[in-house]
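Heavy-atom basis, side chains included; hydrogens, waters and symmetry copies ignored. Chain letters run A, B, ... following the sequence lines, proteins first and then strands; every chain starts at 1.
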Amino acid sequence: MEYNFKQIETKWQELWKERKTYRVETDPSRPKFYVLDMFPYPSGAGLHVGHPLGYIASDIYSRYKRLCGYNVLHPMGYDAFGLPAEQYAIQTGQHPAVTTEQNISRYREQLDKIGFCYDWDREVRTCEPEYYKWTQWAFLKMYDHFYCNRSQKACPIKELVEAFAANGTEGLDVACTTPMTFTAEEWAEWNEEKREQVLQNYRLAYRADTMVNWCPQLGTVLANDEVKDGLSVRGGFPVEQKRMKQWSLRVTAYAQRMLDGLDSLEWSDSLKEIQRNWIGRSVGAQVFFDVKDSERKLEIFTTRPDTIFGVTFMVIAPEHEWVEELTTADNKAAVEEYIAQTKKRSERERIAETRRVSGVQTGSYAINPFTGKAIPIYVSDYVLAGYGTGAIMAVPAHDSRDYAFARHFGIEIIPVVEGGNIEVESYDAKSGKMINSGFLTGKDVTEAIPAMFEEVEKRGLGKKLINYRLRDAIFSRQRYWGEPFPVYYKGETAYPLPEDKLPLELPPIENFGPTEQGEPPLARVADWAYEGNQLELSTMPGFAGSSAYFLRYMDPRNSEALVSKEANEYWRNVDLYIGGIEHATGHLMYSRFWNMFLYDLGYVCESEPFKKLVNQGMIQGRSNFVYRIVGTNKFVSLGLKKDYETQEIHVDVNIVKNDQLDLDAFRAWRPEFKDAEFILEDGKYICGWAIEKMSKSMFNVVNPDNIVENYGADTLRMYEMFLGPLEQSKPWDTNGIDGVHKFLRKFWRLFYGKEGELALTTEEPTPAELKSLHKTIKKIREDIENFSFNTSISAFMICLNELGACHKRAILEPLTVLIAPFAPHIAEELWSAMGHEQTIFDAAYPVCDEKHLEESAFEYPVMVNGKLRFKQTYALDMTPADIQADIVTTEGAQKWLEGKAPKKIIVVKGKIINIVM
RNA sequence: GCGGAUAUGGUGUAAUUGGUAGCCACGUCAGACUUAGGAUCUGAUGCCGAGAGGCGUGGGGGUUCGAGUCCCUUUAUCCGCACCA
C-alpha cells in the first residue's frame with residue numbers, strides 16, 4: 001500500500017478536531033509548559049511558506065513536551081487591528097471587520113492543513129470587544145498609576161495626590177515627563193483642571209504635548225519603532241516631527257527594570273543587545289554652566305566630564321526652550337532664520353544631510369566652570385532636543401561632530417588627552433594621558449572620569465546622572481481600526497470612563513478616511529460621547545492589542561478579569577516564545593512593559609512574560625529567471641546564454657522544478673509567451689536563479705498549500721525544518737524536498753507489505769538494531785531540546801539507513817512515537833494501525849537506554865606526528881598504558897615507530913589521539 | 001561611526017564543542033529492475049593528480065602534539081542603532 005498522505009492527513013485533521021485531541025485545561029497535578037507563537041496579522045495575501053516556519057518549530061516542541069508528560073498550552077489567535085486593513089478599507093470602502101474576518105478564515109484554512117496542535121478553543125482576536133475590553137482596562141490602570149523610583153514600582157495615583165496635598169513635590173522621586181517643583185500650598189490653590197494637567201506629568205498613561213512622528217500620508221502619528229530611516233514601516237511614507245497633543249505610555253519609567261530583566265532571560269545575545277541599544281542607558285554627568293551676564297545656568301549632559309577643560313563652545317538644540325532668551329538682539333534675525341529653515345527640513349532630509357555642518361551663534365556666552373573662560377553658545381540641529389537636556393558642552397578635540405563644527409566656525413580646539421592628530425581629525429580617546437586639564441593633568445582618562453564626577457559634585461556644579469535613549473511610547477493613532485480610548489473630555493481635560501462601562505465598543509462607520517477638518521474618522525460618529533461629553537477620537541496603536549495576549553490565552557473566556565489568579569498562577573509565563581526578530585524593539589518591549597506593570601499591580605505573578613525566546617530566520621524567496629534573446633520570443637537555457645545577448649525575465653517559480661522549466665506551463669503562463677521557442681541544453685531548459693525577498697512582483701512566492709497538495713503536510717513540516725538551523729535566514733528552495741518525502745515513504749513501507757497488509761513482526765531485535773534505535777532516541781531528544789531540528793531529521797534518516805528492511809514492531813513502534821512531533825499525521829495513522837486506541841500524543845516519548853549503546857570493543861585511531869597510520873581494535877577494559885605497551889610491541893606500529901618508543905602518547909577521554917615521536 | 005551575527009564541496013548543511021573535516025540530503029555520474037520513469041534499489045561523488053601523493057573550512061598570522069572550532073589581524077555579506085553628547 002502506497003503512502004497516501006492526502007487521505008491520512010485529511011482523516012486525522014478531522015478526527016483531531018472531532019475528538020478535541022488538543023484541548024488543554026489547567027491541571028495542577030501535571031507540570032505545565034507554555035509554548036507560544038507570535039500571533040499573525042491576517043493580511044490579505046495569505047500565508048507563504050515563510051510564515052509557518054516558526055509555527056512548525058513550536059508545534060514540534062509542543063508535541064514533544066506533551067509526549068514527555070507536560071500539560072502544554074499552545075494557543076493561537078490573530079492580531080487583527082491595524083493599518084493595512086484600514087488602508088484597504090479606505091481604497092475599497094469595505095469595512096475592515098469584513099476583510100479581517102475573511103483573511104482570518106483564509107489563514108485558519110491554511111493553518112489547519114499543516115496539522116498544528118493548537119487548542120482553538122482558546123483563540124483570541126484583538127479586534128473583538130470581549131478581548132479589547134482588557135486592553136482598555138489595562139490602559140485605565142496605567143492612567144490611574146504613576147511610577148515611584150524609590151520603590152521601583154507602579155503606585156496608585158491617589159497616593160501621589162495625597163503626597164502633593166501634604167508636601168507638594170518635596171521629597172518625591174517619581175517618573176515624570178518634565179521635572180516640576182511646587183508646594184502643598186500651590187497644589188491646594190489649583191483647580192481641578194490645573195491639577196489634572198499636573199498629574200498628566202506623572203501618570204503612566206498620559207496625554208501631553210510632545211514631539212511626535214507624524215505621517216501625513218497615513219494621517220496618523222507613529223511610535224519610534226514604527227519609523228525607519230524617516231519612513232513609516234507600514235507603507236514607507238515620509239514621517240515628520242511635529243508637536244502634538246497625544247496619549248503616551250511612560251515606558252521610560254521601566255527602562256532600568258527592562259534592562260536588568262534581560263539578564264535573567266534565555267534570549268539570543270543579539271536580541272538582548274538590540275533591546276539594550278534601544279534602551280540606550282548611558283552614565284554621565286549633569287553639569288550646570290553659568291551663563292555670562294545672566295542668572296541662568298545652562299544644564300548639559302555629558303558622558304565625558306573629564307574633557308571639560310577642552311570645552312570651547314556650547315550648543316543648544318533649535319527646539320531648546322531658552323533659544324529666544326539666549327539670543328542677543330544682534331543675532332535675533334540669524335537665529336530665527338536658522339530655526340525656520342530647520343523646521344522646514346523634513347526628518348528624512350535631516351538624516352540624509354547628517355554630516356552637513358550648520359548652526360548659528362546666539363550671541364550669549366557660558367562660563368567654563370574649570371577654566372573660567374567665556375565660551376560662545378550656538379544653536380545647531382546636530383544637537384537633539386529629545387535627548388539629555390537638549391544642550392551640550394562641545395569638546396572639539398575629542399568629538400568628531402564638535403570637531404567638524406569648530407573647524408567650520410573657526411572655534412578654538414584644545415586637546416586634553418595626549419595622542420591623535422588634532423590638526424587633521426578629532427581624537428575620540430577612551431584612554432590616554434590627560435593634558436591641559438588643571439588638576440587632572442597627568443592622570444589617565446580612566447582615572448580622570450571618576451575624579452571629575454567627584455569634583456563636579458563637590459563644587460555643586462551638577463551630579464552623576466543616567467540617561468536613557470528610550471522614549472515614551474506614543475499611544476494614539478488618528479485612525480479607525482483600533483481600540484477606542486475609554487476616555488472622554490470636559491473641555492480640554494480628559495477623564496477616564498468608569499471601568500464598568502468597558503468595553504467601549506468601536507462604532508460602525510462607512511467612511512474610513514479623516515474628516516475634512518483633518519480629524520480622525522471617529523469624529524464622523526454623531527453620538528460618540530459619554531453622558532454628553534466628547535469621547536476620544538483617536539484609537540490605540542497596533543501594539544496595544546498584542547501587549548498582553550499571552551496572558552489572555554491562559555483564561556480566554558473570562559469576563560471578570562484579564563486572567564484569573566488561578567489560571568495565571570498555573571500557567572505563569574511563556575516558557576518558549578517563537579517569532580521574528582522584527583519585533584525586537586516593538587512588541588517585545590511593549591509587552592515586557594505591560595506585563596511588568598500588571599505585575600506591580602499584582603494581577604500577574606511573573607515580571608517577565610517570555611522566559612525563552614527563539615527567533616526563527618526569515619525565509620527568502622528563490623527567484624527563477626528565463627533568458628529571452630533580445631528582440632525575439634526565443635529563450636535560451638542558462639548554460640548557453642553567454643553566446644547570446646539576452647534579457648533576464650522573472651519566471652513564476654511554481655512552473656519551475658529543480659531549476660528546470662516546465663515548457664508547456666511557461667507557454668500557458670502568459671499570452672505573450674504562447675509561441676515561445678526554446679534553445680535547450682540536454683533537452684532541458686535550465687533557469688537561472690537568485691535569492692531575493694519573497695514577493696509577488698518577483699514571482700517567487702511559494703504558497704504552503706501547493707506543497708501540502710503535492711507532498712503532504714508532514715513533508716512540508718519536515719522539509720521546512722530540514723532546510724537549516726531554525727534561527728538562520730535562508731532561501732526557500734524546494735530542490736531538496738524529494739529527499740524528505742522519500743524518507744517518509746520509506747518509513748511507511750517498513751510497516752506495510754505489498755498487499756497492503758500490516759507487515760510488522762514480533763521478532764526480537766538484534767543488538768545492532770537496538771543500538772541504532774537508542775542512539776537515535778538520544779540524539780533526537782537532545783536535538784529537540786536544542787532546537788536543532790535539521791539535525792534531528794538527519795538522525796532519523798541515518799537510523800532508517802542503518803535499519804534497512806527491518807519490520808520488527810519492537811523497533812518501529814518507538815520510532816513512530818519518536819517521529820510523531822515532526823510528522824504527526826503519518827505517526828498517528830501508523831500508531832492507530834498498530835492497534836492503539838488512544839492518540840499517539842498520549843503515549844510516552846521513548847527514553848534512551850544507554851545499555852544498548854555500550855560497545856564491547858572499539859577502534860582507536862592512531863596518529864603518528866599528525867598522520868593517521870593505522871587502526872587497531874582494543875577491548876574496553878584495556879587501559880591507555882596497556883594500549884601504549886601494545887602499540888610499542890605491535891609489528892605494524894614497530895615499523896612506523898622504527899623501533900623507538902614514542903616520546904608521548906596523547907590520550908583524551910581514554911582515547912589515544914596522537915603519538916609524538 | 002557604534003554594536004551584533006555569518007563565512008565549510010556544484011547546493012542546503014554536519015562535525016562528539018580543541019581530536020580522522022564534509023554526516024544527512026539535494027544534484028551529478030554509473031549500474032540494476034522496468035514498456036516507461038519526475039517510481040524503486042545499489043554504488044561513486046571536496047579539489048588537483050594516471051598514480052603515489054599533495055591541497056583543502058573567506059585571506060594573513062599565532063597558540064597547540066593537534067585548530068572549522070581558541071587568540072590577533074584583515075576582507076566580504078547580512079542585521080540593529082545612529083549627529084544619543
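In this structure, the side chain to side chain contact (heavy atoms under 4.5 Å, CB included) partners of A:Asn706, at least two apart in sequence or on a different chain, are A:Asn654, A:Asn703. For A:Lys730, there are no salt bridge (charged side-chain N to carboxylate O under 4.0 Å, His left out) partners at least two apart in sequence or on another chain. Every residue meeting the ring-ring contact (aromatic ring centres under 6.0 Å, His included) condition with A:Trp732, not counting sequence neighbours, appears here in chain and number order: A:Tyr719. A:Thr312 is linked by a side chain to side chain contact (heavy atoms under 4.5 Å, CB included) to A:Pro396, A:Ile411, A:Glu412, A:Ile414, counting only residues two or more places apart in sequence or in another chain.
As judged by a 4.0 angstrom heavy-atom cut-off over every strand, A:Arg276 is placed among residues making no nucleic acid contact. At a threshold of 4.0 angstrom between heavy atoms, the contacts of A:Asn801 are confined to the sugar-phosphate backbone, with no base atom among them. Nucleic acid contact for A:Pro731: none, since no nucleic acid atom lies under 4.0 Å from a heavy atom of the residue.
The side chain of A:Leu384 has B:C83 as its nearest neighbour among B:G4, B:C81, B:C83. Side chain of A:Val383, nearest nucleotide from B:C81, B:A85, B:U40: B:A85. You'll find that the side chain of A:Thr303 is closest to B:A85, out of B:C83, B:G27, B:A85. Of the listed nucleotides (B:A85, B:A25, B:G4), B:A25 has the atom at the smallest distance from the side chain of A:Phe722. The side chain of A:Lys742 approaches B:C41 more closely than any other nucleotide in the set B:C41, B:G4, B:C83. Checking B:A85, B:G27, B:C41 against every side-chain atom of A:Lys746, the shortest atom distance belongs to B:C41. Checking B:C26, B:A14, B:C83 against the side-chain heavy atoms of A:Asp381 singles out B:C83 as nearest. Distances were taken from every side-chain heavy atom of A:Asn277 (C-beta onward) to each of B:G80, B:C26, B:A85; the shortest belongs to B:G80.
Per the geometry, CD1 belonging to A:Ile274 stands 12 Å off P belonging to B:G4, to the nearest Å.
RNA chain B is contacted by A:Asn790, A:Thr791, A:Ser794, A:Met797, A:Ile798 of residues 787-799 of chain A, taking any non-hydrogen atom closer than 4.0 Å.
For A:Ser426 and A:Asp399, the side-chain atoms include no donor-acceptor pair closer than 3.5 Å. Side-chain atoms of A:His741 and A:Thr715 include a donor-acceptor pair closer than 3.5 Å.
Annotation: of the two residues near RNA chain B, A:Asp269 and A:Ser282, the 5′-most nearest-nucleotide partner is A:Asp269.
Among pairs with a residue in residues 303-315 of chain A, those fulfilling salt bridge (charged side-chain N to carboxylate O under 4.0 Å, His left out) read A:Arg304-A:Asp306, at least two apart in sequence or across chains.
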